[in-house]
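For reference, the structure is listed below as structure tokens.
Bear in mind that the values here come from a model prediction, so they are computed numbers and not experimental data. Numbering of ligands and ligand atoms starts at 1, following listing order. Numbering starts at 1 and runs along the sequence shown.
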Amino acid sequence: MSNRLRVGIVGIGNRSLPKRPDTSNWDGWASLVASHEGMILTCACDPALDARDRLVDRGYLNREDVFPDLEGLLAQRDVDALIISSPAEFHADAIGLAGEAGLHVLVEKPFVTDVDDGRRLADAFNARQLTCCVIQNWRYKDVGAKIQAFIESGSLGTVGHVFFRYVRNRENPNYPAYIFEEAHPLLYAMGIHHFDLIRFSLNDEFHSVIGQSFKPPWSHYQSVTGVNLTFRTHNDVIVIYSGTISSKNTCLPLESLIIEGEKGTLVNESDWSDPPLLFYPEGAKTPVDLTSVSVGCDIKTQYDRSDQKILDHFFRAIAYGDPPLCTAKDALESVVAVEKCREACETGELILF
Ligand SMILES: NC(=O)c1ccc[n+]([C@@H]2O[C@H](COP(=O)([O-])OP(=O)(O)OC[C@H]3O[C@@H](n4cnc5c(N)ncnc54)[C@H](O)[C@@H]3O)[C@@H](O)[C@H]2O)c1
């Protein structure tokens with residue numbers, strides 16, 4: 001490894017390099033790597049010429065440093081780590097190639113779309129003592145971090161049940177065509193954030209799930225776009241999750257999370273897990289704002305801060321052996337949750353984890 005960690009990016013879409021930076025919710029991986037003092041962006045790949053052009057035109061890399069595919073990149077460039085931000089269905093192949101080449105990986109959620117692939121890859125990275133971390137950023141925004149700390153401190157008491165409602169209008173025909181062809185897009189695109197946040201916050205794992213899926217007649221998606229699920233965790237917490245990406249609503253907050261414990265109720269109503277996180281102690285008429293000390297509660301600051309934290313921990317895990325934030329093995333349990341939900345919706349049966 002050179003003095004700085006040499007990083008390549010796989011997939012130069014919106015998440016890596018926003019097409020419209022002025023309206024984007026984040027700066028993106030290219031910018032964050034370029035400004036990280038321990039990292040240097042040395043190469044990238046994407047099959048789309050316009051994506052490669054954007055990276056070169058914005059001055060992040062030279063033309064000879066960008067490749068149409070990962071095989072070409074690996075054959076011609078020395079690199080220590082990859083950030084994988086291609087569509088979910090391509091994650092497993094890219095992680096596999098990276099592992100064979102001895103590279104560390106930071107991969108966007110969902111880690112993989114197939115649990116067996118995920119298990120095989122997590123084991124392979126462990127065996128080779130390579131770092132493989134997953135970008136489960138809902139955990140590391142201020143709200144997620146605060147919920148986890150609040151529950152862990154005992155301030156909520158024993159948790160009884162959780163309600164999560166998601167109402168999103170993602171029926172935008174201008175989105176890339178593949179989005180409308182993906183299986184269970186609500187679960188893999190957003191449910192995985194929410195399930196991961198719940199696992200992390202409760203420090204608990206799902207034990208069973210039952211539910212149904214649905215899709216309204218106006219949907220552009222091939223697959224179902226809504227679910228209604230009831231989970232039970234190992235600690236007997238009931239989690240009721242209802243969501244859709246076919247809502248016509250553009251006013252209501254997208255996310256509504258209520259966690260009830262014996263000492264009161266935690267509430268977060270926001271679009272992307274943004275502050276405030278409110279706590280209503282038992283019997284109180286007014287809430288306590290648990291995130292009032294957060295600096296920069298706006299959507300973009302919250303994304304960028306958690307992305308910087310994730311990138312920095314990835315760097316520190318490789319450079320100094322610090323414990324990684326969200327390992328492949330940990331993130332795999334959130335993929336398991338998505339797969340079990342699919343099975344529950346498709347069979348109508350109670351599915352055990
Ligand atoms: N953590 C978050 O908050 C968050 C937010 C948005 C997206 N994501 C995740 O980031 C990833 C990318 O999402 P996006 O919004 O940037 O998508 P996007 O459609 O904007 O971009 C994907 C890019 O990957 C390229 N690509 C396609 N096949 C590829 C391959 N085999 N190898 C390399 N590149 C390939 C495409 O040409 C495109 O440029 C997905 O896994 C998505 O779930 C995470």
Exercise. Is D304 salt-bridged to K309, cutoff N-O under 4.0 Å?
Worked result: no
Exercise. Using 4.0 Å as the upper bound for N to carboxylate O, is an ion pair formed by R15 and D307?
Worked result: yes
Exercise. Quick one: does Y303 get within less than 4.0 Å of ligand 1, heavy atoms only?
Worked result: yes
Exercise. For ligand 1, is there an atom lying under 4.0 Å from some heavy atom of P47?
Worked result: yes
I need the nearest protein heavy-atom contact for [atom]: residue, atom name and distance, please.
{"atom": "atom 31 (N) of ligand 1", "answer": "F90 CG, 3.6 Å"}
{"atom": "atom 7 (C) of ligand 1", "answer": "R15 CD, 4.0 Å"}
{"atom": "atom 11 (C) of ligand 1", "answer": "S86 O, 3.5 Å"}
{"atom": "atom 21 (O) of ligand 1", "answer": "G13 CA, 3.1 Å"}
{"atom": "atom 3 (O) of ligand 1", "answer": "N137 ND2, 2.9 Å"}
{"atom": "atom 20 (O) of ligand 1", "answer": "N14 N, 2.9 Å"}
{"atom": "atom 27 (C) of ligand 1", "answer": "P87 CD, 3.4 Å"}

Seminar exercise, completed: Checking heavy-atom distances from atom 44 (C) of ligand 1 to each of Q136, E108, E89, K141, the winner is E108
Less than 3.5 Å apart, any donor N or O on the side chain of [X] or [Y] sitting next to an acceptor on the other?
{"X": "T327", "Y": "D330", "result": "no"}
{"X": "E108", "Y": "S85", "result": "no"}
{"X": "D289", "Y": "T291", "result": "yes"}
{"X": "E260", "Y": "H161", "result": "yes"}
{"X": "E182", "Y": "S223", "result": "no"}
{"X": "Y241", "Y": "H194", "result": "yes"}
{"X": "T113", "Y": "E89", "result": "no"}

For this session: Please state whether the rings of F353 and F231 are parallel, tilted or perpendicular, taking 30° and 60° as the class boundaries.
Result: tilted
For ligand 1, which atoms sit closer than 4.0 Å to a heavy atom of [X]?
{"X": "K19", "value": "20 (O)"}
{"X": "A48", "value": "37 (O)"}
{"X": "S85", "value": "10 (O), 11 (C), 12 (C)"}
{"X": "I12", "value": "39 (O)"}
{"X": "H91", "value": "41 (O)"}

Exercise. Going from CG on N137 to CZ on R139, what distance comes out if it is rounded to the nearest 0.5 angstrom?
Worked result: 10.5 Å
Using a 4.0 Å heavy-atom threshold (strictly under), name the region of [X] that reaches ligand 1: side chain, backbone, both or neither.
{"X": "I179", "answer": "neither"}
{"X": "W26", "answer": "side chain"}
{"X": "K109", "answer": "both"}

[X], any N or O under 3.5 Å of ligand 1 N or O:
{"X": "D46", "answer": "yes"}
{"X": "Y178", "answer": "yes"}
{"X": "S16", "answer": "no"}

For this session: State yes or no: do F125 and L5 share one hydrophobic cluster built from I, L, V, M, F, W and Y residues joined by side-chain heavy-atom distances below 4.5 Å, directly or via other members?
Result: no
For this session: Treating Ile, Leu, Val, Met, Phe, Trp and Tyr as nodes and any side-chain heavy-atom pair under 4.5 angstrom as an edge, say whether L82 and V107 lie in one connected cluster.
Result: yes
